[in-house]
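Everything below concerns the one structure shown next.
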Amino acid sequence: NRYELWLKGQDAIRRCSARGDAQATQVIRGCAEEMGKLDSVAGKVEQEYLEAYAAFFKQLQQDVRENLFKTLMGKADELVSAWQEEIKEVNQQID
């Protein structure tokens, strides 16, 4: 994990600068190499990840649109039905 490597590297930097710990420089170098490897792997899959995320987001938007449409149409049908009932009542009173 990149964050864990970063924390490990930061700890090694503190040890190196505070106590002059020679082993800490090896840890820093190792963390830098591992981060380089992670960046290399991440660069290879970045486009695929972005495409998959975009497809997921597009589907999520479509699901929200459909749900909102159904909800609004249900409310509109309720209003129209209520108005029709009122119109019937008024027409009965007129007749």
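Just so you know, these numbers use all the heavy atoms, side chains as well, and skip hydrogens, waters and symmetry mates. Numbering starts at 1 and runs along the sequence shown. All values reported here derive from a predicted model rather than from experimental measurement.
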Enter the distance from [X]:[atom1] to [Y]:[atom2] here, rounded to the nearest 0.5 Å.
X: Thr25; Y: Ile13; atom1: OG1; atom2: CD1; answer: 11.0 Å
X: Tyr3; Y: Gln10; atom1: OH; atom2: CD; answer: 10.0 Å
X: Asp11; Y: Cys16; atom1: CG; atom2: SG; answer: 11.5 Å
X: Leu68; Y: Gln61; atom1: CG; atom2: CD; answer: 13.0 Å
X: Leu79; Y: Gln84; atom1: CG; atom2: CD; answer: 11.0 Å

Connected via hydrophobic side-chain network under 4.5 Å: Met35 and Leu7: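 Hydrophobic grouping puts Met35 with Leu7.
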
Transitive ILVMFWY side-chain link Phe69 to Leu72, under 4.5 Å: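 No, Phe69 and Leu72 fall in different hydrophobic clusters.
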
Residue pair Ile28 / Lys8, side-chain heavy-atom distance below 4.5 Å: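 No. Closest side-chain heavy atoms not under 4.5 Å.
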
Output a table of donor-acceptor pairs, distance under 3.5 Å, between side-chain atoms of residues 37-55 and any protein atom two or more places apart or on a different chain; print 'none' if there are none.
unit_1, atom_1, unit_2, atom_2, d
Asp39, OD1, Arg2, NH1, 2.5
Asp39, OD2, Arg2, NH1, 3.4
Gln47, NE2, Glu51, OE2, 3.1

Side-chain donor-acceptor contact under 3.5 Å, Glu66 with Gln62: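 A donor-acceptor contact under 3.5 Å links the two side chains.
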
N/O donor-acceptor pair under 3.5 Å between Ser81 side chain and Glu78 backbone: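 A pair under 3.5 Å: no.
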
